[in-house]
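Below is one structure, written out as C-alpha cells; the observations come after it.
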There are 4 protein chains.
Amino acid sequence: MPVPLSPRKAPRQARALVTHDAIVEAAAHIIAQGGLAAFNTNVVAGRAGVSIGSLYQYFPNKDALMVALIHRQQARQLEALTAAVSRVSGENLETVIRAVVRAAMQHHHDDSLLASAIDHEEARLPIDSILNGYLDRGGALVAALLARFAREIRPLDADHAERTLPALVRAVTDAWANLSPPRLDVAEDEAVRAVLGYLR
Amino acid sequence: MPVPLSPRKAPRQARALVTHDAIVEAAAHIIAQGGLAAFNTNVVAGRAGVSIGSLYQYFPNKDALMVALIHRQQARQLEALTAAVSRVSGENLETVIRAVVRAAMQHHHDDSLLASAIDHEEARLPIDSILNGYLDRGGALVAALLARFAREIRPLDADHAERTLPALVRAVTDAWANLSPPRLDVAEDEAVRAVLGYLR
Amino acid sequence: MPVPLSPRKAPRQARALVTHDAIVEAAAHIIAQGGLAAFNTNVVAGRAGVSIGSLYQYFPNKDALMVALIHRQQARQLEALTAAVSRVSGENLETVIRAVVRAAMQHHHDDSLLASAIDHEEARLPIDSILNGYLDRGGALVAALLARFAREIRPLDADHAERTLPALVRAVTDAWANLSPPRLDVAEDEAVRAVLGYLR
Amino acid sequence: MPVPLSPRKAPRQARALVTHDAIVEAAAHIIAQGGLAAFNTNVVAGRAGVSIGSLYQYFPNKDALMVALIHRQQARQLEALTAAVSRVSGENLETVIRAVVRAAMQHHHDDSLLASAIDHEEARLPIDSILNGYLDRGGALVAALLARFAREIRPLDADHAERTLPALVRAVTDAWANLSPPRLDVAEDEAVRAVLGYLR
DNA sequence: CATGAATGAGTGTTCATTCAT
DNA sequence: AATGAATGAACACTCATTCAT
C-alpha cells in the first residue's frame, strides 16, 4: 500500500487554511535554516505554533508535508513569473527577459538550502504528474513569449526552449546568489546574457 | 567545538585506501538509489562490505563521509573536464564545447538523486574553501579555453564566465537528464546552444 | 556549548512527576545492583516501566539523569538528618549524636555501590553549586547543634566542623557497612566515638 | 566461567615490567582526568605508548587492568604509611599522627576522581581477599602504633581502630581537598584533631 | 478537533576485544 | 612479541507517529 501524499483534508474553512499554511511556512523556514537534516515534524509543529497532533490532522505523514511545500514553492514561482510577464507586456525582448529573470531570482534570495532541498525531494518523491503540471503552465508562458518575439529570435523548438530556459535562469542565479556576499547584480546580468544568447 | 569533517586517518597503506574508497563508493550508490533519506552509516558499511566500526575508523562521523563523497564527485568532474579539453586541443570552438558538455554530462547519467543530494549538502556543510578550490581549478580550465578562442567570442569578463558557464551546462543537463526516459541527446544540443549563445 | 544537565521539563502534572521519580528510582536501583558499569539508559527505562523515548522527554541526556539522582540522594540525606535532629531536640549530646549518626547510616544500608557511584559522579560533573547548596543546608543544621552544646565541647571553628563532621560519619559508616556481613552496630559505635572525640 | 582478573603473565623481564607499569600509570592518569567515563582501553594504550594489542598481552581484559590499578594504589598507600611511621619512630603521639595523616593525604592530592573511581570499582569487583590483604597489613601498622602509645590513649578495640582510623583520615582529607582551591592545611589539622579525639 | 505525553524502531557512534600480519 | 586494522555487540539518543484525554 503506497503511503498517501495528498493532504488529509481539503482545507475548506478559513481557520483550517491558516493552520495549514502556517505549518508549510514553518517547514520552509526550518529547511531554509538547517537543510533537510533539520526538517523534523515536531520542530515544524512547534515553530508553526500548533501541536504535533494537529500537524498530523493536516498531513498524513512527513512526505505529504514535503509535497505541500513543493506545491507552495512551485505555485509561488509560477505566480511570480506570470505577474512579471504581464507587468512588461508592451516592452522589448531584453526588458521582458530581465523582468522574468528578476522574478525567478526572487525566490532564491537567501533560500539556497530550501531550493536545493526541494530539488532533491522532487527527485525522490513519486510526484512527476504534479511537477509536469507546473512545468506545462510555465512552458505555456514561455511559449507565448517566444511567439510574441518570434521575429527577433532564431528558429527553435518551443518544447525544448520551455524546459531549457527556466533551467538556465535558475542555474545562473544559483551560481551567483550562493556566494557570500551574494552577487545578485551579476546574477541578473549573466542570466539575461545567457537567455538572450540562447534565443538569438 | 565544531564537528570534525576531515578524514580520520590519511590512508597510507594500499588496503586502507581501497577500504576508504569502497565506503565512499557505497555511500554514492545508496544515495543514488534512495536519496539522502536512505543515507545511513550502517547500510553504507554493509554495502561496502566492512563493519560499521571500520567505517568510523576512516570517517569520524557521517558528515565527514559526505564531505569525502563531495570530494570524489568534484574531483571526478574536474578530471573528466580536463581530459575532455585535452582530447580536443586542436578542434574548433563548437567541437570543443560539445566535448566539454559531454564530459560534464557523464556524471549525471542516472544519478540525479546523487547530484541533487550533493548540491544540498554542499550548501549545508561549512566547506566553502573546499568548493572554492575546485571552482578555481575548473575556472582556470575555462579561462584557458576563452583565451584560445578570444577572437571568435564577444568580449566578456573571464571571472564571470568561469562561474556562469559550468552552471549553464549543469542546469541544462539536469533539466533534460532527469526525465524518464532521459533525453541526453537533447540535453547535449541544448547545452551547446546555450553555451555558444552566451559566448558569441 | 556545554551539555545541559538540568531536567528537560519541570514536571507539572501529577503523572509526569510520578514518571520522573520512577525513572530516577530505577536508575538508583540499577546502580545499586551493578554499579556505574550497569547504568544504561535503556535498562533504566525498562525497569522504570517507561519507553526509552519517555526517559528522554524528562532528561536531556544520561548525565542529567545522574544529576537528578544526586539531587534525590542529597535531599534524602538532608531530610533524614533534619528529622533526626528534631526528633531528639531535648536530649543530651551523646544521644543527639547517636541519632544523627543513625540517620546518616540509613542510606548506606546496602547501597554501597550506589553511594560510591554518586561520590564519583559528583566529582566528575560540573555541579559544584548544587552540591554547595546541600552542604550549606547540612552545615546550618550542624552549626545549630554546635551552638546548643557549646558548653560541652571545646572551642572550634564552626565552618570547619560543618564540613568535617559529616565526612567523619560517612567515612566510618562506609568502612563498616561495606563488609560482608555489614557491621552496622560497630559502625554506629565507632562513628559516635569519632564525633564525640572530635568535639570534646 | 568467571572472567579472569589476574595479570595474564607475571612480568618477569625488566622490559615487560616497564610496559606493565606504563599501562597502569596511563590508566591512572586517564581516570584522574576524566573519571571512569573516560577509562577506555584504546585511549589508555595510546597514552602508554603501546598498541592496544600489547595492552591485551599484559591484561586479559579491562577489569584486570582496573585490578592492577587498585593494587598499585593500595601498595603506594601502604608504602607511604610505612615510610611515614618509620620516619617518626621516636616522636610523640601527635607528631606521629600528623606524619601519618600527611602521608595518607599525599595520594589524594588532585586525584579525587581517581580515588572515588577506585572506591567504586573496589565495591564492584570480586576482590575482597585482595583488599583484606592490604587492610590487614595497614591494620598491623596501626596496631603497632596503638601498642606503642597505649598509655596515652583510652582503651579501645584494636580491630575496630584499625579499620576506623584510616577511614577517618581519608574522609577528612577528601572533604577538604576537593574544594577549589583545596585546603590541604585545614585537611591536615582537622584529620589530626579527629584522630586524636578518637584515640584519647 | 486539539493537545502533547508516550512510544519504540531506527540510527549514529563507541569501545572492548580479536587476530592476521 | 608487537602491531593496529577490523569487528560488531552495545549503547546514547532521535523522531515519525499514535492515542488517551
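Naming: A, B, ... by sequence-line order, numbering from 1 per chain.
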Of B:G53 and D:G49, the one whose nearest nucleotide on DNA chain F sits closer to the 5' end is D:G49
At what distance, to the nearest 0.5 angstrom, does CD1 of A:I23 lie from CD of A:Q57? 10.0 Å
Just how far, in rounded Å, is C1' of F:dA10 from CG of B:N42? 12 Å
Would you mind reading off the distance between C:Q57 atom CD and F:dA16 atom P, rounded to a whole angstrom? 14 Å
Who does F:dC15 pair with, Watson-Crick or G-U, both distances under 3.5 Å? E:dG8
Atom-pair distance (OH on D:Y56; P on E:dT18), nearest Å: 7 Å
Is the shortest side-chain N/O distance from A:S51 to OP1 or OP2 of E:dT3 below 4.0 Å? yes
What's the spacing between D:L36 CG and D:H120 NE2 if we round to 0.5 Å? 7.0 Å
Report the distance from atom CG of D:N40 to atom C1' of E:dA16, rounded to the nearest whole Å. 8 Å
Any idea which of F:dT7, F:dA12, F:dA5 is nearest the B:S54 side chain? F:dT7
Select one nucleotide: of F:dA16, E:dA16, E:dT18, the one nearest the side-chain heavy atoms of A:K62. F:dA16
Whole angstrom is fine here: how far is it from OH in A:Y58 over to P in F:dA16? 20 Å
Where do C:R72 and C:A28 come nearest, in terms of heavy atoms and distance? NH2-CB, 3.3 Å
Provide the Watson-Crick or G-U wobble partner of F:dA1, both distances under 3.5 Å; none if there is no partner. none
Between C:F59 (CZ) and F:dT14 (P), how many Å, whole number? 15 Å
What is the distance from CZ of D:R15 to C1' of F:dA2, rounded to the nearest Å? 9 Å
What's the shortest heavy-atom distance between C:Y58 and C:S54, and which atoms? CD1-O, 3.1 Å
Atom-pair distance (CZ on B:F39; P on E:dT11), nearest Å: 13 Å
Between A:K62 and A:F39, what is the shortest heavy-atom contact and its length? NZ-O, 2.9 Å
Return whichever of C:I52 or B:I52 has its heavy-atom-nearest nucleotide of DNA chain E closer to the 5' end. C:I52
Picking from F:dC13, F:dT18, E:dG12, the nucleotide nearest the side-chain atoms of B:T41 would be E:dG12
